[in-house]
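Here is the structure we will look at.
Remember, it's a predicted structure, so these values are computed and weren't measured experimentally. Throughout, a chain's letter reflects where its sequence line sits, starting with A, and its residues are numbered from 1.
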Amino acid sequence: MTGPRSTLREVALGRRRLTFARASLYGFVVLAVLSWAYILVGVDSGLGDLFSHRAWGNAGHFVRQLLGLEAGLVDGGRPAFLEASRWAETGKLAYKTLLMSVLAMSIAGVGVLLTFLPAARNVSNGELGGRSSFGLGALYYAIRLVFAFTRAVPELVWAMVIVFLLSPGVLPGAIALGLHNYGIVGKLSAEVVENMDPGPARALRSAGAGNLQMLAYGIIPQALPQFLTYLLYRWEVVIRTTVVVGFVSAGGLGREFRLSLSYFQYTDVALIIVWYLALVIAVDLLSAGLRRLIRSG
Amino acid sequence: MIWIEPPRPRPVSRFFETRRLLSLILVAALVWSVASVDWTGGIVHSGGGNALKDFFLALFPPDLSPGFLKLALAASWQTVVHAVAGITLALIIGLPLGVLASGSLGNPGRSRLAVAATVRFVLAFMRSIHELVWAVLFVTAFGLSSLVVVLAIAIPYAGILGRIYSELLNDVPQEPLDGLRSSGASPAKVLLYGRLPMALPEMLSYGFYRFECGIRAAAIMSFVGIRGLGYEIQLSLNDLLFSQVWTLLLFLVALVLLVDYWSTRVRRSLGS
């Protein structure tokens, strides 16, 4: 007798579990309709512009100038990507951009390594065998708050604020990128510890291991590979963003990209995009290789 | 009784060699990056220390006057509008490309592989270029408008969604698909009744995660001059009105965390 009824209940429960996702989907659709209505009815939608003959003429003009097929306003000479000296100059900037991305990951990585443990709930409440205290609990919320704040503010906004304080160069850009990624990798790493198998740590504790020994043998070996993998994934995102941060923090390819655009040196812009794509591909390959090394290690 | 073979010890020497190589590379990267910065020159601006102090003091309190809160709310709405429109367009572009890239449509053969490889290359190109770089290029080509900004967000996001969706469509369990195939379903029907329903929860939850990133992307679109939270932050920074900057930052953080919370709840309710 209870058989069919319990299945019915399970179905009903399953439905209820699905309703939040479904309601969210409907909610998003409503939001999407509102947003598109706002944009298309709004004053500066640009829908007419986007399909006008003149706009496409301008766009074609721009692409031909990028490719050096049409002389720009300023550079009447040879396209930049045919000059070896320009390749060397922009190559140096590409090196700086790569440096900025690695420095950003170093900042984020060291920061996370120093703070991710107290940000894991099972460490702060002593579930892994430590001792819980009011201080540790407060520290947990404080670090989580810092993670949330640094993560929620985009790199570019961090950069805008930081150039007010530091002299321009690679460092402010790296700090801006580092701050944002510190929040992301920190949250993910703390979650790795929270989802960790507590067995080894508890066994170590019951065998009389001290805090440091537990960290070295119970937690780090399990959490480190995941942490490094996240760091490498983020590096792939960061190399794409370094250019953008360079717009404001005056370092590497980003600054040159903006200068070339504002001086209408469009073949330089094309050259910088080529370097940019080369960097992105190189970092993607490097990161994939290192991640394979982590998995096999 | 079942005999379980004891786990064979890993070859120790190779294990340590990989680890040592990896740590060597990572430490070298750290040292290289830190050593390459010119630490001798003035790191901090002249007056940077004072600016830093002013900046943090301005948090107590941030500008909470009704007029400014209204402005911040309007800016938040504009940011949400661009993010939502960008994500919907990214879904419209990314979903079909993801299906093509997964190679699950059409009859098995060389042409299907060629299409999948080409689409994958296109997706990789779309996501290689940051949304703001797309925006700068589009604004130069077409002039500034909301649609241009939406398009700039949609292109890299479609590249990411397409790649992830193609992987999700390929990673579904194969047995139900074999069942469909053996009862004579065409690849399109296998996709529609097998792959899509099975991958849908994961696809939905990843889409919601991307929505959170889209909010940040829309906020920084201010850089090309479109209105929104980033735009107001830039204006207030230029006028050194740090307490206004804090208000706007807090609005942005609240918005991102709200969407983050929403997408976490969606993911949890989908059990992934």
Which residue out of A/V153, A/V161, A/V243 racks up the most heavy-atom pairs below 4.5 Å with chain B?
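Greatest number of close heavy-atom pairs with chain B: A/V161.
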Where does B/V149 contact chain A at under 4.5 Å (heavy atoms): side chain, backbone, both or neither?
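It is neither, since no heavy atom gets under 4.5 Å.
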Relative to chain A, which segment of B/W77 carries a heavy atom at a distance below 4.5 Å: side chain, backbone, both, or neither?
side chain
Can a donor-acceptor pair be found, under 3.5 Å and without considering hydrogens, that links the side chain of B/R265 to the backbone of A/S24?
no
With distance as the sole test, does A/R240 use its side chain to make a donor-acceptor pair with the main-chain N or O of B/R127 at under 3.5 Å?
yes
side-chain contact (heavy atoms from CB on, under 4.5 Å) assessment of B/D260 paired with A/R151:
CA-CA 11 Å; B/D260 180 27; A/R151 187 179 46 137; 3.3 Å; yes
Examine A/F28 together with B/F211 and report whether their ring centres are nearer than 6.0 Å.
yes
Just checking B/W32 against A/Y95, ring centres under 6.0 Å apart?
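Close enough - the centres of the two rings lie under 6.0 Å apart.
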Can you measure from CD1 (A/I294) to CG (B/L26) and round to the nearest 0.5 angstrom?
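Going from CD1 on A/I294 over to CG on B/L26, the span is 7.0 Å.
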Working to the nearest 0.5 Å, report the span between CD1 of B/I129 and CG of A/L277.
5.0 Å
Taking the side chain as every heavy atom from C-beta outward, state whether A/H180 and B/R216 have any atom pair closer than 4.5 Å.
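Yes, their side chains come closer than 4.5 Å.
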For chain A, which residues of residues 217-225 of chain B have heavy atoms nearer than 4.5 angstrom:
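From residues 217-225 of chain B, the residues near chain A are B/I220, B/S222, B/F223.
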Grab the two heavy atoms, one from A/I39 and one from B/S146, that are nearest each other, plus how far apart they are.
CG2-CB, 3.9 Å
